[in-house]
> 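The structure under discussion is supplied below as structure tokens; questions concerning it will follow.
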Amino acid sequence: MSHALPIAPLRRGACPSLDMPMQTGDGLLARIRVAGGQIDPVRLEQLAVLCGTHGNGIIEITARGNLQVRGLTAATAPVFADAVRDIVTVETGLVVETPPLAGDDPLEFVDPRPLAASIKALAAPFAHRLGPKVAVIVDGNGQIGLGALRADLRLVAVGAEVWLVSVGATLMGTTRRPLDCARIVLTALAGLGPLGRATDLAPDGLDLGDLISPSAPVRQPVSSPVGQFPLRRGKAIGLGLPFGAMGWESMAALADGAWRFGISAFRPGPHHSLLAIGADGNLLAEAAEIGFVTHPHDPRTRISACIGSDGCASGHIAARAVASRLAPGLAPGSSLHVSGCQKGCAHPGPADVTLIGRADGYGLVIDGRAGDTPRAVLRADQLETALLAAQG
């Protein structure tokens, strides 16, 4: 029996899912939240093959660490959904995120997963009243933080039993009763209905009472998910997907060879990363040869690019090919966004330099978004010079 729901248009503001994929310029897009945030090498290889069979052959990992597949059709999407569920358990309901090394990170104050599970359980009875983009982050404050990701409710451990509480961008203080705080905040969000977000809540209107103690902001260490990380047992190696995407053959090759490097599992991570748990250092050379990003200072970690004209009807340029060509010229600390059109799907926010595909060339935006009015329209042979000049 099929487990997939009928394909239907997503309501405004909804997120794509395995059962309700979203129409994009290159077909239907489905997002997969793997339960527990972990997948073994055999199942990852099987998923990669499914992407090559039913999608456009490219696997993406989103900025929030979810698997994503494009190029599905109304005919292939239900078949794909059933096949995925035969391989992995797919998580649904309220999004409650923890760092990818949670539970194995020797530097975290506390394993955040039990609290995350309790929050998900308490919200289950009214999760249907929460907006599809509502997100909770429970962070043990270890090596790979989630501070760059937006959250409606954020709980960050600052001690064994002390949690820093933020609602949206507002710091509320610290608490020793995080579950009670979560209940109050999520109940208030549910009262706003499916379109409600933390920005719609008045912080002084949340009755957190004596649950909260005043606190100054606590700066979390910033660490790229690309690199080598010690675990309580062994270590993990974080790999980046160039521009968030990888061909299914490369992903399958990585998974197929996992046993040679001691890899027990893979965990999708933030900022388009994939953590190989138990990996030894010999993985790096082969992963780089396959096409993965293996160094935290690789300029591709600071470039966003959609598939562009290589796979999207809206794209005027082959955005990822252009991004690859310009990567060597990107200055340390600078960010670049290459978009096939002015919609800016790969990076809705601003970048230091944005190039937008147009029918008449490449629009150039400085310190802005793809939808902004460009200050110039460039030819292909002017891109390197323009990037250099824009970076001063």
Side-chain angles (χ1 to χ4, degrees), residues 4-24 28-35 37 60-69 77 81 90-99 112 115-139 146-156 163 165-172 178-208 268 270 343-349 369 371:
L5 298 175
I7 302 299
L10 289 178
R11 68 180 182 276
R12 184 176 178 85
C15 293
S17 67
L18 188 60
D19 287 328
M20 301 293 283
M22 179 177 70
Q23 183 66 53
T24 67
L28 294 170
L29 177 152
R31 192 167 293 161
I32 304 168
R33 288 162 51 197
V34 178
E60 297 179 342
I61 296 181
T62 69
R64 304 193 79 97
N66 291 308
L67 296 175
Q68 193 163 270
V69 180
V90 178
E91 188 173 282
T92 59
L94 175 66
V95 176
V96 183
E97 299 171 314
T98 59
L115 176 58
S118 296
I119 291 173
K120 194 168 179 67
L122 80 83
F126 56 88
H128 62 285
R129 293 162 48 204
L130 293 167
K133 291 189 177 181
V134 168
V136 177
I137 285 177
V138 185
D139 192 336
L146 302 182
L149 303 182
R150 293 182 179 180
D152 294 271
L153 172 64
R154 187 186 306 273
L155 298 164
V156 179
W163 297 82
V165 182
S166 297
V167 177
T170 302
L171 173 64
M172 308 299 291
L179 192 59
D180 290 330
C181 290
R183 180 181 292 108
I184 292 169
V185 174
L186 292 175
T187 300
L189 281 170
L192 298 176
L195 296 181
R197 300 298 301 274
T199 51
D200 303 315
L201 294 173
D204 55 1
L206 290 172
D207 186 17
L208 297 179
K343 290 187 291 185
C345 299
H347 184 67
R369 296 170 170 83

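Values below: every heavy atom of this structure, side chains too, minus hydrogens, waters and symmetry copies.
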> Looking at CG of Leu94 and CG of Leu122, how far apart are the two atoms once the value is rounded to the nearest 0.5 Å?
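Here the rounded value is 8.5 Å.
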> Do Leu29 and Pro21 come close enough that some side-chain heavy atom pair is under 4.5 Å?
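No - every pair of side-chain heavy atoms lies 4.5 Å or more apart.
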> Around atom CZ of Arg150, are there more than 12 heavy atoms of other residues, nucleotides or ligands at under 6.0 Å?
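It does not: Arg150 CZ has 12 such atoms or fewer within range.
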> In chain order, what residues pass the salt bridge (charged side-chain N to carboxylate O under 4.0 Å, His left out) check against Asp139, with sequence neighbours excluded?
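Partners of Asp139 under the salt bridge (charged side-chain N to carboxylate O under 4.0 Å, His left out) test: none.
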> Determine, stepwise, if the pair Val138 / Leu146 fulfils side-chain contact (heavy atoms from CB on, under 4.5 Å).
CA-CA 9 Å; Val138 185; Leu146 302 182; over 6 Å; no
> I need the minimum non-hydrogen distance between Pro268 and Gly65, along with the two atoms involved.
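Taking every non-hydrogen atom into account, CB-O, 3.2 Å.
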> CD1 of Ile32 to CD1 of Ile61: how many Å apart, nearest 0.5 Å?
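Taking CD1 in Ile32 and CD1 in Ile61, the distance rounds to 11.0 Å.
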> Output, in order, the C-alpha distance, side-chain angles, deciding distance and verdict of side-chain contact (heavy atoms from CB on, under 4.5 Å) for Met172 and Thr170.
CA-CA 6 Å; Met172 308 299 291; Thr170 302; 4.0 Å; yes
> List the steps and the verdict of side-chain contact (heavy atoms from CB on, under 4.5 Å) for Val95 and Glu97.
CA-CA 6 Å; Val95 176; Glu97 299 171 314; 3.6 Å; yes
> Could you list the donor-acceptor pairs under 3.5 angstrom formed between side-chain atoms of residues 183-192 and any protein atom two or more places apart in sequence or on another chain?
residue, atom, partner, partner atom, Å
Arg183, NH1, Asp180, OD1, 2.9
Thr187, OG1, Arg183, O, 2.6

> Return the set of residues passing side-chain contact (heavy atoms from CB on, under 4.5 Å) with Ala35 (not counting sequence neighbours), or none when no residue passes.
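Result, side-chain contact (heavy atoms from CB on, under 4.5 Å) vs Ala35: Thr89, Glu91.
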> I'd like to know if the side chain of Arg31 reaches the main chain of Met22, judged simply by a donor and an acceptor atom lying under 3.5 Å from each other, with no hydrogens or angles considered.
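No, because the side chain of Arg31 does not come within donor-acceptor range (under 3.5 Å) of the backbone of Met22.
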> For the CG atom of Leu130 and the CZ atom of Arg197, what is their distance to the nearest 0.5 Å?
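Rounded to the nearest 0.5 Å, the CG-CZ separation comes to 10.5 Å.
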> Are side-chain heavy atoms of Ile119 and Leu179 found at a separation under 4.5 Å?
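Yes, their side chains come closer than 4.5 Å.
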> Check whether any side-chain N or O of Arg154 sits under 3.5 Å from a backbone N or O of Leu149 as a donor-acceptor pair, and report yes or no.
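Yes; at least one donor-acceptor contact below 3.5 Å.
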> Taking side chain as C-beta onward, heavy atoms only, is Leu153 less than 4.5 Å from Val165?
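When only atoms from C-beta onward are counted, Val165 and Leu153 do touch, with a gap below 4.5 Å.
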> Are the side chain of Asp152 and the backbone N or O of Ala198 linked by a donor-acceptor pair below 3.5 Å?
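Yes: the side chain of Asp152 pairs with the backbone of Ala198.
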> What distance do Arg33 atom CZ and Leu67 atom CG have between them, rounded to the nearest 0.5 Å?
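Taking CZ in Arg33 and CG in Leu67, the distance rounds to 12.0 Å.
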